[in-house]
Trainee: 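A single structure is presented below for examination.
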Amino acid sequence: MPEKPSLDGVEERWDAVWQEQGTYRFDRTAARDGVYAIDTPPPTVSGSLHVGHVFSYTHTDLVARYQRMRGKAVFYPMGWDDNGLPTERRVQNYYGVRCDPSQPYDPSFEPPEKPDPKAQVPLSRQGFVELCHRLTAEDEKAFEALFKRLGLSVDWEHTYATIDDRSRRVAQRAFLRNLARGEAYATDAPTLWDVDFRTAVAQAELEDREMPGAYHRVGFSRPDGEKVFIETTRPELLPACVALVAHPDDERYQPLFGTTVTTPLFGVEVPVVAHELADPEKGSGIAMICTFGDTTDVTWWRELQLPVRSVVGRDGRFLPVPPEPVDPDGPYAELAGKGVKQAQKRIVELLAESGDLVGEPRAITHPVKFFEKGDRPLEIVTSRQWYVRNGGRDADLRDALVERGRELAWQPGFMRSRYENWVGGLNGDWLISRQRFFGVPFPLWYPLDAAGEPVYDRPLLPDEARLPVDPTSDVPDGYTEDQRDRPGGFTADPDVMDTWATSSLSPQIAGQWEDDPDLFARVFPMDLRPQAHDIIRTWLFSTVVRSHLEHGSLPWTHAMLSGWILDPDRKKMSKSKGNVVTPMHLLEQYGSDAVRYWAASARPGTDTAFDEGQMKVGRRLAVKLLNASKFALGFPEAPEGPVTEPLDRALLAQLADVVDEATRAFEAYDPARALERTETFFWTFCDDYIELVKGRAYGEGPAADSARRALRTALDVLLRLFAPALPFAAEEVWSWWREGSVHRAPWPDAAALRPEGDVDAGVLDRAAAVLSEVRKAKSSAKTSQRTPVLRLVLQGAEPAYAPFLEDLRNAAVVEGSVEYAGDGDELVPVVELGEAPAKVAR
RNA sequence: GGACGUAUAGCUCAGCUGGUUAGAGCGCACGCUUCACACGCGUGAGGUCGCAGGUUCGAGUCCUGCUACGUCCACCA
């Protein structure tokens, strides 16, 4: 036991011991019912972790540590989500390169010394992927170091990365099985498209942003020369107009249904049609349908069977040649090649010149769909994409998935409604293909016909044993490399899967599905999915979908949703807002236990303010634990025997209640409550109980032995109760006098702790109340707490105080008489004080 | 427009199935070098529990309505 206990350096010291001893290693001989398996969220490896990660990962760790102490073999893996767009974007900026699949692979390529964002060096796909690996490997090391310092009891022998061979194999295998069962399919369809990333994006990755815009009132000509006026925020799509639409009940436009009108500038004849979705209240009540301005256009186009006239290309620019029957040499010539904004500006000028624009554009702000990671509004383009059925087009599947959500135990429970909300509102299947590079490739090829066109309905599939494959470098069975991209040969599917298509398989990846059936059977379905509530619609739902389709079960029994970290202005902390606090300096300044204490004090699912004050409190608690332990252990250990004194028995009885409550709280996934109860008890233990009994414990005989036993017993239990939240301080103290790790010690047992026979648990409260009154008297007299009490009159009869009178005299420094008022049960004693003791120089 | 959540002391939050004068910590004030702890100890002042009704012997707690804030979804001409 150290002379001067300290938290300095406990993180490094104990992390090293835990790794060396394998304290958190998963016992893979354990049977399924002895296992507690956690589907750890793989953090996105792009940049750095922030306090939000520290917060939510601590919550998971609390549960993991509790379950481990309950005797479970805890399967607590760690994954890194390193594939996908965030990594690509970071690699581009970090190294100053961009992926250009037409470039040949150069193994000796080195990125420029100083990245120039304006002149990114084009790089082959393979070279680009290698740089992605290089950068994510560095980041993963930094993440691991931080998580270890935080004290996560992860088994670092079970790690994965979403781009590694195992993840790619799992993702490809799961996809091939989806394909074989008809759950995955490819189709050509209008798709939301990010023009900067040049990829399709899924419904789950959309967000609305309020953007400035303007209503432009534009006249279409009827055959008789009359004008029909529409209002549009996207006049540049006029050449893509395929119809006008109004509500079938709208009397103003009923005469026009079935007739045609002519578009201004372009002179294209389009029909006037009726559809329920047209809102008579909006604008002029009649709208132009373009291919495609928004998702409503897609609905109208599909349901009214209109033609396609695309004008915006995949780069967000107007196509060089307009769709039929727009005249390429007419006004369109001025739009070709322009970006959407420039095209709008020009077309407004043209409309104004021709007189088809009525009045000035009316400025508005309106919500516009963005890719959540994107910078420019999404366009809609038609492209061939892969989908997985998720109930968006199939009521039976949707119902089944809602039912899965009801099987799942949600913590907190109200989060289920977010899931049901989302599943109920799906309007299409899950788009999983991305036109990107650093991801899991679709494991298939297409034969090329004599004209060199792919035969999409006869894809060439690899045997599962070959997985993972990269179709751009691997060759399908029965072909040779020199047949690639040749008529009569084959071509690779060029796309990669979205990152959610891989991370939706995190239980299968971590559990080594099919690669290690023995392990998988011991951990799947898992016990816990911890995650943030903003990705219920993505990660949680997609994982349920994959597991439902592949295994016919939930992927886990419980989901624990953590809240957000709010900055002091109560705004969500996020990278894009620039209000992120990075955690390392906090861990260094306050210590990991202190930061964990802050996190552990928040109930799951509750948004929590970032509060360094709570970290100070946590640090104080951890230091107090060291000091109080040192003191309690400073008394000689008493021989085996019973705890006999009423005050000591009361302490253990109260502690047994705390154990019961903490256990109940942990079982209900509410570690914050367990910590709060433990902490409250601990301060009473320090401030009252220790003060009351230390005089006796310094003495000799059975009464002293009783106190010494109670102190050690209570300390032993308290250390175990604190171990999940304060793993470093608890382990530090445990090491002074116990064998092994506190994190492998059994969770305390209330029944074994509770003293035998009748216990008056109230004596401790009564003694503490009197002590408090005496302290108040001394405090009011502004004198030292060492000032002796010359006369103490206690309200009530002697027997009420007899069990602890000696302890009380000692703790309250009663050097004079004690009298009993004999009646009344109010605990307001009369205190007469003597002379304050002489001040002692320190 | 729909759904969900939150609202308790200056701040951050407890308050479980309704039950005596509503709790903690921080901050603040006043004191104390007390033999584990100045990274300390003690004491105190702070609240008509968002608003309005209702149920009940009794409501911070249950019901209804409203308000404010937050989030998700829908709308997007």
Side-chain angles (χ1 to χ4, degrees), chain A residues 4-7 208 211 213 215-216 230-234 237 244-246 277-279 282-290 293-297 300 366-369 412 414-422 424-425 427 533-534 536-537 563-564 566 568 570-572 590-591 594 598 601-603 605-614 616-617 619-634 661 664-665 668 670 672-673 676-677 679-680 683 686-687 690-691 694 698 772 774-787 811 813 836-837 839-842:
Chain A
K4 186 110 178 130
S6 165
L7 291 174
D208 288 347
M211 298 293 287
Y215 279 120
H216 301 75
I230 60 107
E231 294 202 353
T232 177
T233 56
R234 300 205 59 183
L237 292 181
L244 297 190
V245 64
L277 267 182
D279 181 357
K282 198 165 279 181
S284 57
I286 186 164
M288 71 170 179
I289 302 173
C290 306
D294 60 36
T295 49
T296 317
D297 280 342
W300 281 327
H366 62 153
V368 177
K369 278 196 198 312
F414 65 78
M415 291 291 181
R416 172 183 291 124
S417 61
R418 300 197 180 191
Y419 174 93
E420 296 195 0
N421 227 330
W422 175 254
N427 56 27
H533 59 70
D534 53 338
I536 290 175
R537 65 178 184 167
W564 284 337
L566 309 175
R570 302 205 70 85
K571 293 271 178 283
K572 183 197 174 189
Y590 299 104
W598 159 71
S601 301
R603 295 199 328 283
T606 310
D607 291 349
T608 302
F610 173 71
D611 185 3
E612 290 193 47
Q614 280 297 102
K616 289 184 190 157
V617 173
R619 181 168 182 88
R620 206 165 69 102
L621 176 63
V623 169
K624 190 78 174 180
L625 188 58
L626 298 185
N627 285 315
S629 301
K630 182 194 163 201
F631 185 61
L633 294 172
E661 278 194 70
R664 265 201 303 277
D670 188 3
R673 187 180 176 83
E676 192 269 333
R677 293 293 299 119
E679 187 190 4
T680 300
W683 285 108
C686 291
D687 297 343
I690 289 183
E691 292 300 321
K694 67 182 180 187
Y698 274 126
S772 170
V774 174
R775 284 169 175 160
K776 188 192 293 191
K778 292 179 181 179
S779 229
S780 311
K782 301 198 170 181
T783 187
S784 163
Q785 293 293 326
R786 280 156 57 221
T787 301
V813 201
K839 297 197 172 191
V840 186
R842 210 181 203 196

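Below, read A as the first sequence line, B as the second, and so on, with proteins coming before strands; counting in each chain starts at 1.
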Trainee: Please classify the nucleic acid contact of A/E420 as base, sugar-phosphate, or nothing, using heavy-atom distances under 4.0 Å.
Mentor: nothing
Trainee: Could you tell me how far apart A/K624 (NZ) and B/C41 (C1') are, to the nearest whole angstrom?
Mentor: 7 Å
Trainee: Any heavy-atom pair between the side chains of A/E661 and A/R673 that's under 4.5 Å?
Mentor: yes
Trainee: Kindly write out the residues that satisfy salt bridge (charged side-chain N to carboxylate O under 4.0 Å, His left out) with A/K624, not counting sequence neighbours, or none if the list is empty.
Mentor: none
Trainee: Between A/R673 and B/G15, is there a contact of a side-chain N or O with OP1 or OP2 at under 4.0 Å?
Mentor: yes
Trainee: Does A/R234 have any salt bridge (charged side-chain N to carboxylate O under 4.0 Å, His left out) partners at least two apart in sequence or in another chain, and if so, which?
Mentor: A/E236, A/E379
Trainee: Considering heavy-atom distances to RNA chain B, does A/R418 or A/F631 have its closest nucleotide positioned more toward the 5' end?
Mentor: A/F631
Trainee: Of A/T295 and A/V623, whose nearest nucleotide on RNA chain B comes first from the 5' end?
Mentor: A/V623
Trainee: Separation of A/N421 atom CG from B/G1 atom P, in whole Å?
Mentor: 17 Å
Trainee: Tell me what A/A278 touches on the nucleic acid: a base, only sugar-phosphate, or nothing, going by heavy atoms under 4.0 Å.
Mentor: base
Trainee: At less than 4.0 Å, is any side-chain N or O atom of A/Y698 found next to OP1 or OP2 of B/A36? Yes or no.
Mentor: yes
Trainee: Return the nearest nucleotide to the side chain of A/S779; candidates are B/U43, B/C72, B/A77.
Mentor: B/U43
Trainee: Find the distance A/N427:CG to B/C72:P and express it as a whole number of Å.
Mentor: 17 Å
Trainee: Can you identify which nucleotide, out of B/C73, B/U71, B/C76, has its nearest atom closest to the A/W564 side chain?
Mentor: B/U71
Trainee: Is any side-chain heavy atom of A/H533 less than 4.5 Å from a side-chain heavy atom of A/F414?
Mentor: no
Trainee: Between B/G60 and B/C66, how far is it from one P atom to the other, in whole Å?
Mentor: 23 Å
Trainee: Rounded at 0.5 Å granularity, tell me how far OG1 in A/T296 sits from CG in A/D279.
Mentor: 10.5 Å
Trainee: Identify, with sequence neighbours excluded, every residue that meets side chain to side chain contact (heavy atoms under 4.5 Å, CB included) alongside A/A668.
Mentor: none
Trainee: How long is the line joining CE of A/M415 and P of B/C73, in whole Å?
Mentor: 14 Å
Trainee: Distance check, C1' atoms only: B/A74 and B/C4, in whole angstrom units.
Mentor: 15 Å
Trainee: Classify A/D279 by what it touches in the nucleic acid, base, sugar-phosphate, or nothing, heavy-atom distance under 4.0 Å.
Mentor: base
Trainee: Using the test side-chain hydrogen bond (donor to acceptor under 3.5 Å, both in side chains), find all partners of A/Y419 that sit at least two apart in sequence or belong to another chain.
Mentor: none
Trainee: Are any of A/T296's side-chain N or O atoms less than 4.0 Å away from OP1 or OP2 of B/C76?
Mentor: yes
Trainee: Among residues at least two apart in sequence or on other chains, which ones pass salt bridge (charged side-chain N to carboxylate O under 4.0 Å, His left out) with A/E231?
Mentor: A/R217, A/R362
Trainee: Reading RNA chain B 5' to 3', how would its secondary structure be written in dot-bracket notation, given Watson-Crick and G-U pairs with both distances under 3.5 Å, brackets [ ] for crossing pairs and | for partners on other strands?
Mentor: (((((((..((((.....[...)))).(((((.......))))).....(((((..]....))))))))))))....
Trainee: State which of B/U71, B/C39, B/G42 makes the closest approach to the side chain of A/R619.
Mentor: B/C39
Trainee: With respect to the side chain of A/R775, which nucleotide from B/U12, B/U34, B/U43 is positioned closest?
Mentor: B/U43
Trainee: Would you please confirm or rule out a distance under 4.0 Å between OP1 or OP2 of B/A77 and any side-chain N or O of A/T233?
Mentor: yes
Trainee: Which nucleotide wins on minimum distance to the side chain of A/W422, given the candidates B/A77, B/C73, B/C37?
Mentor: B/C73
Trainee: Syn or anti for B/G46, taking syn as within 90° of 0?
Mentor: syn
Trainee: Using the test side chain to side chain contact (heavy atoms under 4.5 Å, CB included), find all partners of A/A777 that sit at least two apart in sequence or belong to another chain.
Mentor: A/V831
Trainee: With a 4.0 Å cut-off on heavy atoms, is A/K776 in touch with a base, just the backbone sugar-phosphate, or nothing at all?
Mentor: sugar-phosphate
Trainee: Could you check how far CH2 of A/W683 sits from C1' of B/A36, rounded to whole Å?
Mentor: 12 Å
Trainee: Write down the distance separating the P atoms in B/G2 and B/A24, rounded off to the nearest Å.
Mentor: 42 Å
Trainee: For A/D208, what residues pass the side chain to side chain contact (heavy atoms under 4.5 Å, CB included) criterion, not counting sequence neighbours?
Mentor: A/P367, A/K369
Trainee: What's the gap between B/C49 and B/U21 when it is taken at their C1' atoms, as a whole Å value?
Mentor: 16 Å
Trainee: Go through the structure and list residues passing salt bridge (charged side-chain N to carboxylate O under 4.0 Å, His left out) with A/E612, not counting sequence neighbours.
Mentor: none
Trainee: Which value, in whole Å, describes the distance between the C1' atoms of nucleotides B/C39 and B/G47?
Mentor: 31 Å
Trainee: Just wondering, do A/I690 and A/F631 contact through their side chains at under 4.5 Å, heavy atoms?
Mentor: yes
Trainee: Please produce a list of atom pairs where a protein N or O lies less than 3.5 Å from an N or O of nucleotides 20-27 of chain B.
Mentor:
unit_1 : atom_1 : unit_2 : atom_2 : d
B/C26  : OP1    : A/R620 : NH2    : 3.1

Trainee: Touch check for A/D297, heavy atoms < 4.0 angstrom, all strands: base, sugar-phosphate only, or nothing?
Mentor: nothing
Trainee: In whole Å, measure the gap between the C1' atoms of B/G46 and B/C11 for me.
Mentor: 12 Å
Trainee: Would you tabulate the pairs of protein nitrogen or oxygen atoms and nucleotide nitrogen or oxygen atoms of nucleotides 6-9 of chain B closer than 3.5 angstrom?
Mentor:
none

Trainee: Taking the side chain as everything from C-beta on, heavy atoms only, tell me whether A/E691 gets closer than 4.5 Å to A/R775.
Mentor: yes
Trainee: Not counting sequence neighbours, which residues clear side chain to side chain contact (heavy atoms under 4.5 Å, CB included) with A/V368? List them please.
Mentor: A/M211, A/H366, A/F370, A/P377
Trainee: Using the C1' atom as the point on both nucleotides, what is the distance between B/A3 and B/C62, in whole Å?
Mentor: 23 Å
Trainee: Answer with base, sugar-phosphate or nothing: what part of the nucleic acid does A/K282 contact at a heavy-atom distance below 4.0 Å?
Mentor: base
Trainee: Distance-only, no hydrogens or angles: does the A/R619 side chain make a donor-acceptor pair with backbone N or O of A/A594 under 3.5 Å?
Mentor: no
Trainee: Nearest to the side chain of A/C686, which nucleotide is it out of B/A77, B/A36, B/U34?
Mentor: B/A36
Trainee: Think A/H533 has a side-chain N or O under 4.0 angstrom from the OP1 or OP2 of B/G5?
Mentor: no
Trainee: Round to the nearest Å and state the distance from A/Q785 atom CD to B/U43 atom P.
Mentor: 7 Å
Trainee: Would you kindly give the NZ-to-P distance between A/K782 and B/C30, to the nearest whole Å?
Mentor: 8 Å
Trainee: B/U34 and B/C41: how far apart are their C1' atoms, nearest whole angstrom?
Mentor: 8 Å
Trainee: Nearest to the A/A628 side chain among B/A36, B/C4, B/C37, which nucleotide is it?
Mentor: B/A36
Trainee: A/I536 has an atom CD1; how far is it from atom P of B/A3, in whole Å?
Mentor: 18 Å
Trainee: Once you apply a heavy-atom cut-off of 4.0 Å, does A/C290 come out as touching a base, just sugar-phosphate, or nothing?
Mentor: nothing
Trainee: Taking only N and O in the side chain of A/S772, is any of them less than 4.0 Å away from OP1 or OP2 of B/G42?
Mentor: no
